[in-house]
Amino acid sequence: NGARREPLLCSVLPPISAHGRSVTHPLDELANARMPFGQYAGRRLSELPEAYLVWFEREGWPHGKLGAQMAAMLEIKHNGLVHLLKPLVR
């Protein structure tokens, strides 16, 4: 298959568009997103164990924005880039 594959972060994070108002950057949202359920409820997605994210990848991501953010976080962790999100944490 010679199809060009778009990088995961580009495919799961929406484009930034100001339209005259203040818009939160998707990476800022990702750095501060929290797990809403389960044994890690309340923890930032960046604090989730990689094995937990791998389990979701295998079993199926939650629908919607949370699943996209979790998939992006797994990609970030796989590539050793979590430290880049730390300055964005509020």
Side-chain angles (χ1 to χ4, degrees):
N1 184 335
R4 186 174 172 271
R5 191 171 156 223
E6 189 174 352
L8 178 64
L9 287 179
C10 293
S11 64
V12 298
L13 296 175
I16 301 168
S17 174
H19 296 293
R21 63 182 188 275
S22 177
V23 175
T24 304
H25 190 281
L27 288 178
D28 185 55
E29 287 184 19
L30 182 60
N32 292 288
R34 294 187 178 267
M35 190 66 186
F37 61 83
Q39 72 184 73
Y40 297 106
R43 288 211 192 160
R44 284 188 178 85
L45 298 183
S46 62
E47 298 171 338
L48 298 177
E50 190 169 336
Y52 188 66
L53 294 169
V54 168
W55 182 87
F56 272 100
E57 180 182 45
R58 186 177 58 248
E59 299 297 322
W61 299 111
H63 294 286
K65 185 175 185 176
L66 176 62
Q69 288 177 320
M70 290 173 69
M73 188 58 67
L74 179 59
E75 187 75 13
I76 288 168
K77 285 179 174 265
H78 272 316
N79 289 290
L81 301 173
V82 175
H83 67 279
L84 297 176
L85 296 178
K86 291 187 190 289
L88 302 174
V89 173
R90 304 185 226 95

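These numbers come from the heavy atoms of this one structure, side chains and all, not from hydrogens, waters or symmetry mates.
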Which heavy-atom pair separates Q69 from L45 by the least distance, and what is that distance?
->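 Scanning both residues, the minimum pair turns out to be CB-CD1, 3.7 Å.
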Between side-chain atoms of residues 80-90 and protein atoms elsewhere (two or more places apart, or another chain), which donor-acceptor pairs fall under 3.5 Å?
{"residue": "H83", "atom": "ND1", "partner": "G80", "partner atom": "O", "Å": "3.3"}
{"residue": "R90", "atom": "NH2", "partner": "D28", "partner atom": "OD2", "Å": "2.9"}

Nearest-0.5 Å distance that lies between atom CE in M70 and atom CG in L74 |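 Result: 9.0 Å between the selected atoms.
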Can you tell me how far the CZ atom of R34 sits from the OG atom of S46, to the nearest 0.5 Å?
->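 Answer rounded to 0.5 Å: 9.0 Å.
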Extract all donor-acceptor atom pairs below 3.5 Å that involve side chains of residues 47-58 and protein atoms in other chains or at least two apart in sequence.
{"residue": "E47", "atom": "OE1", "partner": "R44", "partner atom": "N", "Å": "3.1"}
{"residue": "E50", "atom": "OE2", "partner": "H78", "partner atom": "ND1", "Å": "3.0"}

Side-chain polar contacts of residues 59-68 - donor-acceptor pairs under 3.5 angstrom, sequence neighbours left out - could you list them?
{"residue": "K65", "atom": "NZ", "partner": "E29", "partner atom": "OE1", "Å": "2.6"}

